[in-house]
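The next block holds one structure in the form of structure tokens; read it before the comments.
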Amino acid sequence: MQAGLVFAGVGAGALVLTVTSVFADRRRLRRSNMDDVGFMPWTLMTVIGTIATLFAFALAVRFA
């Protein structure tokens, strides 16, 4: 029971990271000045966040 709650919390945090990176990547792609580039790999963070979210919620269901 305790491990399921921990993994659910980790999954919720990873979900917040994923949603934030999706909005940041969309904002980066729609910028008005194309020469004004950033340094954050938002697409990579979206992929890693999605994998972490799915993995953590799967473990939360498994240990619940």
Side-chain angles (χ1 to χ4, degrees):
M1 180 69 181
Q2 183 75 17
L5 291 176
V6 170
F7 284 124
V10 170
L15 183 64
V16 169
L17 169 74
T18 302
V19 170
T20 302
S21 64
V22 165
F23 284 123
D25 193 30
R26 181 172 167 83
R27 183 172 178 243
R28 181 185 64 87
L29 290 173
R30 297 180 56 153
R31 65 185 181 268
S32 59
N33 184 3
M34 287 298 166
D35 292 332
D36 193 16
V37 295
F39 65 94
M40 287 300 268
W42 292 115
T43 306
L44 177 64
M45 290 180 67
T46 301
V47 170
I48 291 172
T50 302
I51 292 169
T53 301
L54 293 174
F55 190 67
F57 282 145
L59 287 174
V61 169
R62 168 73 171 95
F63 288 111

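Taking hydrophobic clusters as Ile, Leu, Val, Met, Phe, Trp and Tyr residues chained together by side-chain heavy-atom distances below 4.5 Å, F7 does not share a cluster with V61. Clustering ILVMFWY residues whenever any of their side-chain heavy atoms sit less than 4.5 angstrom apart, transitively, puts W42 in the very cluster that holds F39.
Scanning all heavy atoms of the two residues, the minimum distance from R28 to R31 falls at O-NH1, 2.7 Å. The nearest pair of heavy atoms linking T46 to S21 is OG1-OG, 3.0 Å. Minimum heavy-atom separation, A60 to G4: CB-O, 3.5 Å. The shortest non-hydrogen separation linking L17 to M45 is CD1-CE, 3.6 Å. Residues T18 and G49 come closest through the heavy atom pair OG1-C, 2.9 Å.
Taking CD1 of I48 as the reference point, atom OG1 of T43 lies at 11.0 Å (rounded to 0.5 Å). Taking CG of D25 as the reference point, atom CZ of R30 lies at 12.5 Å (rounded to 0.5 Å). Atom-to-atom distance recorded for L59:CG and L54:CG is 11.0 Å, nearest 0.5 angstrom.
Other residues, nucleotides and ligands place more than 12 heavy atoms under 6.0 Å from the CZ atom of F63.
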